[in-house]
Undergrad: 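Take a look at this one; I'll ask things after.
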Amino acid sequence: MRTTITLFLLVLHLPLWASAWEKLPQWAGDALTETGDAEPPADTAVWRLLDETEITLLSNGKLKRERRILRRVFKDLDSEHAGSYVLPSHEHGAKITRLRGWHLMAGDKLEKLDKENIVTLGLSSSDFVASQTITIAGFDQVSRGSIVAFESREIQDAFFTVAMLTVIGDYPTKKMVIGLSTEKNADPGRIVPINFDPWGLDSDLRGARLTIRNIPASVDEILAPNFSDPYPRVLVGFARGEESDPFESWDHLARWYLRLFTNTSLGGAREIKPIGSTDVLRKIATYFNEKITYRQRYLSPARGWTPEPGKLVERRAYGDCKDMVSCLAWRGIGLGFSVFPALANIGSGQRTGPEDQPAPSFNHVIGAIPLQHSLELPAEVDVGGRLMLLYDPTSKYTRLGWLPAHYKGRQLMVCTEKGAVWIPVPDAALERESVMLTLGGVLDQQFNLAGTIEIVEEGDAYFFRSLSRNGNPRDLEARLREYLSLPGLVDLNPLSQEVDEQHRLKLVYQVSWPSFLRRDMGGLRLPRGMVGYLKHPVVQPGKSRFHPIALSQRPKTTWLLEVNSQVPLEPGAESAHWQGEYDAFEWKASGGKMLQVRFHLERNSAYFSKKNIEEGVAYWNTYRKKFNEFWIGGTLFYPSKTP
Amino acid sequence: MSLIFIFTFATPWVSDLKVAIGQPVGEAIWKIGEDPSKDIYDAVIVEDLTEFTTLSINRYRKIRILSENGKAAAEFIDFTGETEKLTGRVVDVSGEETVFDRKEDFVEVLGLKSKNRTIKSKILVPPGLTADCLVELSWKIPSLEGLPRGSNRQRFPVQEDYFCRVKVFKLNNNALRSRGSFFVTRAIWSTLKPPAQFAEEKTRSGRTLTYSNIPAQQDHPFGNENLDDNSGFVLIYKTFPDFGKEPGRFWKKLGKEYLGNIWFADKFGKGSDYKRWIRQLKQSLPEDPAQSALHIYHAFRQRVASTDMMPPEVKARYAVKGPVDSENNHYLEQVFDYGYGEPWQLGFLFYKVARDCELPVQVLFTSSIYDAPFRMDALDPFSLELYFPLFGIPTINGQRLLLAPAFPEYDAGYVPYYLQGGQAIAYSPGEKWSHSPTRIPRLGPNSHQLIRRYQINVTADGEMNFSVVQKGSGVFNARQRELFYPLPEEERVTRLKKSWQNRLGSWKVTNAMLRNVDNLAEPVETVVQGEDTLEIEDEQWVALSPFPGDSLPLSRPRIWPANRRQPIILPHTANQIDLSKITLPKGWKLRGNGDWQKQNSVGKVSYRAIQKGNVLTVRRDIVIAQDLMPAEKERELKYFIAWMDEAFYQTIAITHGEVH
């Protein structure tokens, strides 16, 4: 009897589902049918059943981009964005010609996207004057049981018909499809999946159509890379067929860019003149430091690559990296020198090199200035047999003739008449960075500290140098607190600020620090800003690591403490020392009425790919154990037994 | 607070503001520099003029840029794109001049586009701007009756991010007078306290307000510019024309003719379900009005949910019925029938319920602490949170029970912190909408209590488990209610587990449960259990955190700018008690003495650990005794935060041997 009832209910139930799905567009119904009764990934709040992108190169050279997204919601929790759809970064001339949405609520009520719930916002600010916009559409009351579908069509002007698409998102994806086609060419375009293997992605590439199945969601983990190289992505591109493709090779790209650069910045090629003295360099650096502000002004898609004419940059007194190099070249005419643009990738950009697939994968341009002879400057390099100085006009607080330390390990592509010359940035060209902090003063009975803190910064390690020159000392103080974990309750009163003959910045503050030593474990703990805190595991128990492991280089840091304590104290550890492959620390301490501590920390950058993850976990575990063992007892002080 | 003046406009006036950009730059301008003693950095606003003429608001600014950061003082974004005739120039210290009036310099970009409107914004980054220069700017904003088109009120702040030498407002009678519309334009302005100065000149044509030596504005933690004596303003606003200039008469008429007849007009149809519900409700009401109000409020909260906080069954109903149509003349009936409504709709429906139950209710309006405080003498009803009425019911001991139906996370007696402490106006609808000035109280620490009771067991091989029961009142309970009420049961547990797991480090949450989430009459109670392993096998002594996954009642700001002038306003007071009973394995004992207690006028922090047998009891008290205090208390507040921080990170050490 029971079976019959169940069967009856099931029969009743099935058509109900089917009829509800019919309210959705055909493609969404198909995707739901295709998913069938497949189990969603464990514990997910939202499952993207379909994420389809179709890009068409139109005969007028524009790109048509069509997207279809289908999401199923399983939880109210963590599903905040499930009801929204974002069309990012629309540039000048782009048009959204279709934007539709459907929300099938848990109670089977269908809600269609109302135009009231679509808004387009400009993204400009004073530092980013741009025609870019973002369009957001959405439904308000999406909850578990909801099915949400969106489709859109955009027509865009494109400077390049090459783009990089990311694959991993906040929610797991059942099926992702990327398809290319052209209106007029027989060649439908090309799709290159990058980095799919280490992530074990199930993909299928047939001609110009890529299908990827069961893509995991990204997860929060410590020591995840802040650069995009290790992650799967898809390079898509069309040959426009009108002119030679700049992405045919790096040499093509370099020659193409040099031509574009020279034509726009100077109005045409000029005779190459090397520089003969540092005086001219100094003059030009002073000009950029005092007169030109970094600002992006992107009012056409071409502006991602094309600089403004040097003369215009001069009038505006602002520009982005390529505008500044353009202005540098323009002023070079008057001062008698030439400039080659050098394409670079810094910060979170890829570590692009000659072995990579040519793509528009740069995020920075600096100048390579030919020299008549060596000027004994560290950033001089040999560029295909010509001596040149690498100069970044955007980095106004880097010493003349050096490059900022964050160029470490990067390669630059100097664009010359002959093609691309790849230059690995020499370590010797990088400004050295370190910080030394000295705390002195008196600790009262309640372990409040009154004294001074002296900060000596080499290079622009924590941007103290930049901020000390930018103006208001409040910003410098804010940065100090942030990087040294100095809590707000510590009063800092600036006493002096000077630069020594080794170009190090020395800052002295009067300091008043309530509860400088804090009661902990029956003793008195030094502040977290000085001794850090216990290191966390890099893998959660019972889980496997998702991201590769990346350790970021840190400036060498040394703390010196020398304070008179009204209560005689003894250190938990008189000395400790560890030297690992990437991390090192050294501790020396003595007590009595005069507390003395020297604590030195170092970290070099390291990267453990998905393949080498075990090695990374093992390294971190060793370091963590050593550090935590030292930290627990070592960074405490105790009242002396015999005063 | 500084004095305040009101001005309505009557007589004609002809503009005498003649601004000429391009005058020679005198030596005195280049002598302007940074001055730490006056907190002058980055830029100085040398002159700022705002003139209200018949059809426009004319602006002129002269800015001396002193540093790289200071360049920001000359940047200009006009979000609405209304600005006209923007011209100006930059004169570098070297004498080089860049005049700008080109389209290239004032870039038009899309600001916002939606179904009903498109706003183009304009961005100016003055060309030729350097770190040592003078910038002059002038522009016009098209306006009508003293306000930008389409605007009903505009506040012109006197203080800005940079030190300002002179700021002048010219209020032209002709420009600002009423043209017989329902709303009339008025202006009010404040004076400033020294070191700033204020002068007012009255002529036949209007008034000139001159503010000078205005210090730069600072963002203080727990600060509020609206309570700052140096944060002056000129407010131009529209208000009712017929209610006169005399405050008593104005507010009386507002109550009777507007609130009673229009604002709280009956938005109900037949409402037969509603009538039955009211009838039933009235049958069970106690005599005492306050008790009766509690009863009604409870029934109301169970019957109607806020769309910001819908429990699962209401959400399911919403999924079928969709949102309430507030364009409908009888939308309140829909709110009642559907059982949900926007927060603002709940206040209006509660008014009807209270009146229909013949409750002697007062309707109270106040301003948010994020706006200028409400003043009776400013005759400005729009400075009140009109969409969020509070309700007051007299209690037998002469107090007033406050209800905030738009904020159902708050139990009776509580209102959100940003509506607390300010001047308010109370209306009695049952007494012909008579009114009286009043205040919304700020509540003491015993109104915001949080208690966590831990039980921790440690075995000889280091296995640990804990159980914690948490319960709170006031804002603590409101937060819990807001978090859990809208979720289905199993997701409540998931969220509870997650929120604790995020704070628990190596502890693993094994079990969690909640009580009274749906029972709005009782505080939410949560129970969380977890386990961890303490590596004690080869150790002589180890650290133990007595309150795993705890939290603090107050944030710990990183930046406290010097020379605070603003009063300190904390979100709320608090009395937080954490209590832990820890059973230790045999032979282990507490090591060292970690007890302490510190106290000042802000509050008290104490930490105590006692061992009896193998049971260790640790208690930590954090009391924030006051939430509104003068600027001079900042040092004490910092010390209090230091103690709170110290107590938060303090662990205890246990040992089973002698350790040196």
Side-chain angles (χ1 to χ4, degrees), chain A residues 75-77 105-107 109 111 115-116 118-122 124-126 129-131 133 140-141 143-146 290-291 293 295 297 299 315-318 446 469-475 477-478 481-482 487-489 491 493 514-515 518-523 525 528 536-537 541 632 638, chain B residues 41-42 66-72 75 77 98 107 109-115 121 123 125 127-132 221 307 315-316 318-320 322 486-488 491 494-495 505 508 543 556-561 591-594 596 607 638-639 641-643 645-646 649-653:
Chain A
K75 290 184 187 176
D76 287 354
L77 215 59
M105 300 190 196
K109 186 183 166 77
E111 191 186 3
K115 284 209 168 112
E116 297 247 347
I118 303 174
V119 63
T120 300
L121 296 167
S124 285
S125 65
S126 293
V129 182
S131 52
T133 59
D140 291 334
Q141 294 286 351
S143 59
R144 65 177 183 158
S146 289
E290 289 180 359
K291 305 290 184 201
T293 309
R295 264 194 190 107
R297 181 178 167 122
L299 297 170
R315 175 185 179 267
R316 285 182 185 161
Y318 66 84
Q446 297 295 321
R469 297 192 198 170
N470 269 357
N472 199 327
R474 275 199 297 262
D475 295 344
E477 189 194 313
R481 289 179 184 278
E482 185 187 343
L489 50 94
D491 280 342
N493 181 26
S515 300
R518 290 143 181 263
R519 286 162 189 83
D520 191 28
M521 288 185 75
R525 177 87 63 199
R528 291 185 297 281
H536 293 293
I632 282 185
Y638 299 98
Chain B
Y41 294 105
D42 296 333
L66 300 170
S67 74
E68 187 68 28
N69 277 348
K71 290 176 181 174
E75 288 158 1
I77 299 184
T98 314
V107 184
V109 292
L110 180 75
L112 180 145
K113 193 176 161 204
S114 65
K115 187 182 178 185
S121 301
I123 299 184
V125 178
L129 191 64
T130 67
D132 192 357
T307 47
K315 242 183 234 172
Y318 187 102
V320 177
L487 294 176
E491 289 193 41
T494 312
R495 167 166 273 179
K508 191 173 162 20
R556 292 159 289 168
R558 198 183 275 285
I559 305 295
W560 297 77
R591 174 175 179 262
N593 178 8
W596 56 281
Y607 198 98
K638 283 185 180 179
Y639 266 82
I641 291 175
W643 305 335
D645 203 47
E646 180 171 1
Y649 287 101
Q650 182 169 359
T651 61
I652 52 168

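By convention in this document, chain letters (A, B, ...) are assigned in the order of the sequence lines, proteins followed by strands, and residues within each chain are numbered from 1. Worth saying up front: this structure is predicted, and the values here are computed from it rather than measured.
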Undergrad: Is it the case that the side chains of Asn69(B) and Asp475(A) hold a donor-acceptor pair, with the cut-off being a distance below 3.5 Å and no angle test?
TA: yes
Undergrad: Heavy-atom pairs under 4.5 Å with chain A: which of Thr98(B), Leu110(B), Val125(B), Val109(B) has the most?
TA: Val125(B)
Undergrad: Of the backbone (N, CA, C, O) and the side chain (C-beta and beyond), which part of Pro221(B) lies under 4.5 Å from a heavy atom of chain A, both, or neither?
TA: neither
Undergrad: What part of Ile77(B) lies closer than 4.5 angstrom to a heavy atom of chain A: side chain, backbone, both or neither?
TA: side chain
Undergrad: Checking Leu121(A) now: which residues fulfil side chain to side chain contact (heavy atoms under 4.5 Å, CB included) with it, not counting sequence neighbours?
TA: Val119(A), Ile134(A), Ile136(A), Leu112(B)
Undergrad: Could you please spell out the steps behind the side-chain contact (heavy atoms from CB on, under 4.5 Å) verdict for Ile559(B) and Arg474(A)?
TA: CA-CA 9 Å; Ile559(B) 305 295; Arg474(A) 275 199 297 262; over 6 Å; no
Undergrad: Is the closest side-chain heavy-atom distance between Trp560(B) and Ile641(B) below 4.5 Å?
TA: yes
Undergrad: Checking heavy atoms, do the side chain of Ala543(B), its backbone, both or neither come under 4.5 Å from chain A?
TA: both
Undergrad: At a heavy-atom separation under 4.5 Å, does Ser121(B) approach chain A through its side chain, its backbone, both, or neither?
TA: neither
Undergrad: Do you know which of Pro537(A), Ser126(A), Ala478(A), Ser125(A) has the most heavy-atom pairs under 4.5 Å to chain B?
TA: Ser126(A)
Undergrad: Give the member of Gln446(A), Arg525(A), Arg144(A) that has the highest number of heavy-atom pairs under 4.5 Å with chain B.
TA: Arg144(A)
Undergrad: Select one option (side chain, backbone, both, neither) describing which atoms of Tyr607(B) are under 4.5 Å from chain A's heavy atoms.
TA: neither
Undergrad: Considering only heavy atoms and a distance below 4.5 Å, find which of Ala72(B), Ala131(B), Pro561(B), Ala642(B) pairs most often with chain A.
TA: Ala642(B)
Undergrad: What I'd like to find out is whether the side chain of Arg297(A) reaches to under 4.5 Å of the side chain of Arg316(A), using heavy atoms alone.
TA: yes
Undergrad: Taking side chain as C-beta onward, heavy atoms only, is Glu68(B) less than 4.5 Å from Arg469(A)?
TA: no
Undergrad: Which one wins on heavy-atom pair count under 4.5 Å against chain A: Lys638(B), Arg495(B), Glu491(B)?
TA: Glu491(B)
Undergrad: Do the side-chain N and O atoms of Trp596(B) and Gln650(B) include a donor-acceptor pair separated by under 3.5 angstrom?
TA: yes
Undergrad: Are Asp76(A) and Pro488(B) packed together at the side-chain level, in the sense that at least one heavy-atom pair is separated by less than 4.5 angstrom?
TA: yes
Undergrad: Indicate yes or no: does Glu477(A) engage Arg481(A) in a salt bridge with an N to O separation below 4.0 Å.
TA: yes
Undergrad: Tell me, for Glu290(A) versus chain B, whether the close heavy atoms (under 4.5 Å) come from the side chain, the backbone, both or neither.
TA: backbone
Undergrad: Please round to the nearest 0.5 Å and tell me the distance separating atom NZ of Lys315(B) and atom OG1 of Thr307(B).
TA: 11.0 Å
Undergrad: Among Gly471(A), Gly122(A), Pro514(A), Ala317(A), which residue forms the greatest number of heavy-atom pairs with chain B at distances under 4.5 Å?
TA: Pro514(A)
Undergrad: When heavy-atom pairs shorter than 4.5 Å are enumerated against chain B, which of Arg528(A), Lys115(A), Arg315(A), Lys109(A) gives the highest number?
TA: Arg315(A)
Undergrad: Heavy-atom distances under 4.5 Å only: say whether Ser124(A) touches chain B with side chain, backbone, both or neither.
TA: both
Undergrad: May I ask you to name which of Asp42(B), Val320(B), Thr651(B), Leu129(B) has the most heavy-atom pairs under 4.5 Å with chain A?
TA: Thr651(B)
Undergrad: Do Ile632(A) and Met521(A) have side chains that approach each other closer than 4.5 Å (heavy atoms only, starting at C-beta)?
TA: yes
Undergrad: Name the region of Val107(B), side chain, backbone, both or neither, that has any atom closer than 4.5 Å to a heavy atom of chain A.
TA: side chain
Undergrad: Is it the side chain or the backbone of Asp645(B) that comes within 4.5 Å of chain A heavy atoms, both, or neither?
TA: both
